[in-house]
Amino acid sequence: MSAPGNDDFRASFFEECEELLEAMHEGFGIMLDGEADGETIHVVFRAVHSIKGGAGAFGLDALVAFAHHFETALDQVRAGRSEATDDLLALFQHCGDHLSDLVSSSRDGQAIDGDHAHALRAQLDAVIGQVDPEVDDVSDAAESFVPMALDFGAFLDPAQPRPDAPKGFRISFAAEPELFSSGNEPALLFRALDRFGASTITANLIDVPVLSRLDASMSAVTWSIDLVTEASEGVIRDVFDFVSDCAAIEMSPRDAADQPGAANPDQTQDRSAAPLAILPPVPEMAVPVPVPVSRAQGTQSADADVDGDDEPDLRAGLGKPGPGAGSKAAASPQTIRVDFERVDKLINLVGELVIKEAMLSQAVGKMDLPTGNDVLQELDGLKQLAGEIQEGVMAIRAQPVKPLFQRMARTIRDASAMTGKRVRLVMKGESAEVDKTVLERLVDPLNHMIRNAVDHGLESPEKRAAAGKNPEGTVTLSAAHRSGRVVIEVSDDGGGINREKVRQLAESKGLVSPSAVMSSAEIDALLFMPGFSSKDEVSELSGRGVGLDVVRSEINALGGRMSISSELGKGTVFSISLPLTLAVLEGMVVEVAGQTMVVPITAIQETLQPSSAQIHTIGSGSRVLCIRDGLVPVADLGAIFGFRDTPVDLTNHVLLVIETETERRCALIVDGLQDQRQVVIKSLETNYSQVEGIAAATILGDGRIALIVDPEGIVGGIAPAPVNLSRLSHLDPLEGEDLVTA
Amino acid sequence: MSLNVLAIDDSRTMRNLLSAALGRVGYSVDLAEDGEVGLERFAASDPDVVITDINMPNLDGFGFIEAARRMTRHRVVPILVLTTESAPELRARARSAGATGWIVKPFDDEKLVWAIERVANVGGQQ
């Protein structure tokens, strides 16, 4: 067909597929929860049906075939012929997963394992009975439209003389009332015959009663058609396909027939002379005899009003747009679809706007204008507007977490199948919105956490039963906005972290000294340490050489924080706190050795004026800060980046106590604090190259570039972790062990 | 004159394809995403032909046709049903609701025109 070459349509089809798959999975979820209403199965059915329809348009045969089979099975439930048992729903979910896979593979042009589809189809058959083979073969669907060679010249100009061919058909045509009430029109069907050859049409008026006896709902006129054509009977019958059930149509080969069955030869029309002189016998029209409809050739003005509208047709050249007006596609009013690049460009520009506005403020500030001056007032207004625009534009990038969560439902099912544990997924707050890029980059970490929760978090059904718990475990995924960040939690109702075991293992690996006094939180934090987990008990599922440490560094890269809380016997909660956007950062603007730098506010624990009582010198000039709960190494931010090399005198300086995700702390010496504000993040990597200890850059109000400090990178070079990490570097990365369950 | 076509389908892909195909052959296209919106558009835009999907939320294709046929002024506006099946019972159902004809998916420009030209007066362009 003509559309498959169009990549835009194709891309939009796959986009729509994602939405449909989402709706489908959501529907199954609702049905499993027993909260389905009558509409749910219809939604699911339509989703699969639409995927099939679109796939057919793009010639994606494997997708069509499976979707068709799936749809047929769903229809059994929809029609009430099969009951939606949990087992059947589970099968449907697997089929839904496979459909997702097929969509992905079709999109990426990859082959997919056909055996799986076969197995699922067999299962579907087993559950719902053999699918009617007649509808099973999708190619059958097109049977009513036989491909045909078309004579366009003849089609466009029926008056053109054609070579006289003796072949053809004599057709008698008698309409039943339903033909008209269904909006069909014999005249149009007769005209459609023009495609295949020249026809002579005769209206037989012999049965037309006098007006007083006329039943307006009956058609008293019958027609005889003499068609000269090379086309086969099937092709000609196809012309009458729409009316085959509401018209008596008899066809006989032209040479075998008698004279055209014209009872009233005077009514015979030679169509090449006066084409289509046939009444549209609309039932409600109280006109008993045919009125010729002018379809004059060579003039555009008189247009046959055969659409059943008994008003004069004034539309031909007046009311409606001509062909040149193009298509007026009415878009859905609620949403528009915008290329992502445009949004990003806008975000970038708004960032520049905010910077310009700050620069303007600074310039105006230097003018020393009196308070209440118009310029200052208007500038304030501008500032506010710029801020609002920035927020508004950021909101465009925000997407609900729901699709992400629904992808996790798949992960849960897979994990559940592999471990043999029964798991229920509960989703909360899935309407919370997060930046699209953040969402995309959360897929892998969340997948890992979910697998982890099923594999290590939940106990086996037997253990659960023994502990008096529901043998079916629950994993809860929740999202919520909290003070300008979004918090995503993965919690399970499993056995909780067995801290004793974790500690033992950490000791055996030399990660902690046996004498160390550790709080529960510190022990939990061990799970995040690189190389903590061991190879002793690799499970097929989560032991893929990727540990929680990798998950955590992924989250950190997104400007997020990750933490654990756990209660023995009750379960474990992993929580991720993320910024709403990657484009703006809340930062503390500080001054160091004449340079301006930005420290992310999320890393700053406290700021303080140092006094000699708090600072202790140890070893060769190293200094530590004594704060309430311990000693923290002190480092000069200026010295770290080489702005100055002599250790500064601490008086008249400020200390920033920063803490990283790995709970390592250090106190940074800066010369002064300027401001706490949102800064627009400009990537250093894209514009220059990666610099250790620097996360990114920003442009300040005075037009100067300020570097944004990467707390993790800085502290890594200064402060040890709360536990002894020194031997870690010698260890190979190891794989996951079941430490969480007892 | 350009034919005004109202196309009703809940699938965005299908609406895109219909809109493009009908636009290519010079028709004006009005789109609706379900039967309910379709009825509104039907009353408002007075189309020459309607093409409607069957499986749709809110109001399905059968419901749309029945309601459209009850609007007497539009009693005989041709309504074509888009269907992936050629199952006879589906046709019978569509017919009894008042459908004029059907287009079997997947369709192409030629198939669309062929279906439309048998139910609507496209002759004005000749």
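Please read these numbers as outputs of a predicted model, since none were measured by experiment. Numbers restart at 1 for each chain; the letters A, B, ... are given by sequence-line order, proteins then strands.
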**Q** What pair of heavy atoms forms the shortest contact from B/L17 to A/A57, and how long is it?
**A**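 The pair with the smallest heavy-atom distance is CD1-CB, 3.4 Å.
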**Q** Any heavy-atom pair between the side chains of B/R95 and A/C246 that's under 4.5 Å?
**A** yes
**Q** Give, as side chain, backbone, both or neither, the part of A/V239 having an atom under 4.5 angstrom from any heavy atom of chain B.
**A** both
**Q** So that I can tick it off, tell me whether A/E19 and B/R12 are bridged by a salt bridge, with the cut-off set at under 4.0 angstrom between side-chain N and carboxylate O.
**A** yes
**Q** At their closest point, which heavy atom of A/E16 faces which heavy atom of B/D10, and how far apart are they?
**A**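 Nearest pair, atom of A/E16 first, then B/D10: OE2-O, 3.9 Å.
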**Q** Would B/T100 and A/N184 satisfy side chain to side chain donor-acceptor pair (under 3.5 Å), going step by step from the backbone distance to the final call?
**A** CA-CA 6 Å; B/T100 311; A/N184 273 293; 5.1 Å; no
**Q** Taking the side chain as every heavy atom from C-beta outward, state whether B/N55 and A/R78 have any atom pair closer than 4.5 Å.
**A** yes
**Q** Of all of B/N16, B/V49, B/I79, which one pairs up most often with chain A through heavy atoms under 4.5 Å apart?
**A** B/N16
**Q** So which part of B/L80 gets closer than 4.5 Å to some heavy atom of chain A, the side chain, the backbone, both or neither?
**A**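 For B/L80, the side chain is the part near chain A, not the backbone.
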**Q** Within a strict 4.5 Å, meaning less than it, do heavy atoms of the A/F9 and B/T13 side chains meet?
**A**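 Not in contact.
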**Q** Using non-hydrogen atoms only, which part of A/F14 is less than 4.5 Å away from chain B: side chain, backbone, both, or neither?
**A**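 It is neither, since no heavy atom gets under 4.5 Å.
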**Q** Between B/R118 and A/A192, what is the shortest heavy-atom contact and its length?
**A** CG-CB, 3.6 Å
**Q** Say you draw a straight line from CD1 of A/I51 to OG of B/S11; how long is it, rounded to the nearest 0.5 Å?
**A** 9.5 Å
**Q** Which is it for A/F242 and B/W114 under the ring pair (Phe, Tyr, Trp, His ring centres under 6.0 Å) test, yes or no, and what are the steps along the way?
**A** CA-CA 12 Å; A/F242 295 165; B/W114 177 229; 8.7 Å; no
**Q** Looking at every non-hydrogen atom in both residues, tell me the closest pair between B/M14 and A/G54 and how far apart they are.
**A**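 Closest pair (atom of B/M14, atom of A/G54, distance): CE-N, 3.7 Å.
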**Q** What pairs with A/A247 under side chain to side chain contact (heavy atoms under 4.5 Å, CB included), at least two apart in sequence or on another chain?
**A** A/F173, A/L179, A/V243, A/I249
**Q** Quick one: of B/A97, B/A99, B/A92, who has the most non-hydrogen atom pairs under 4.5 Å with chain A?
**A** B/A99
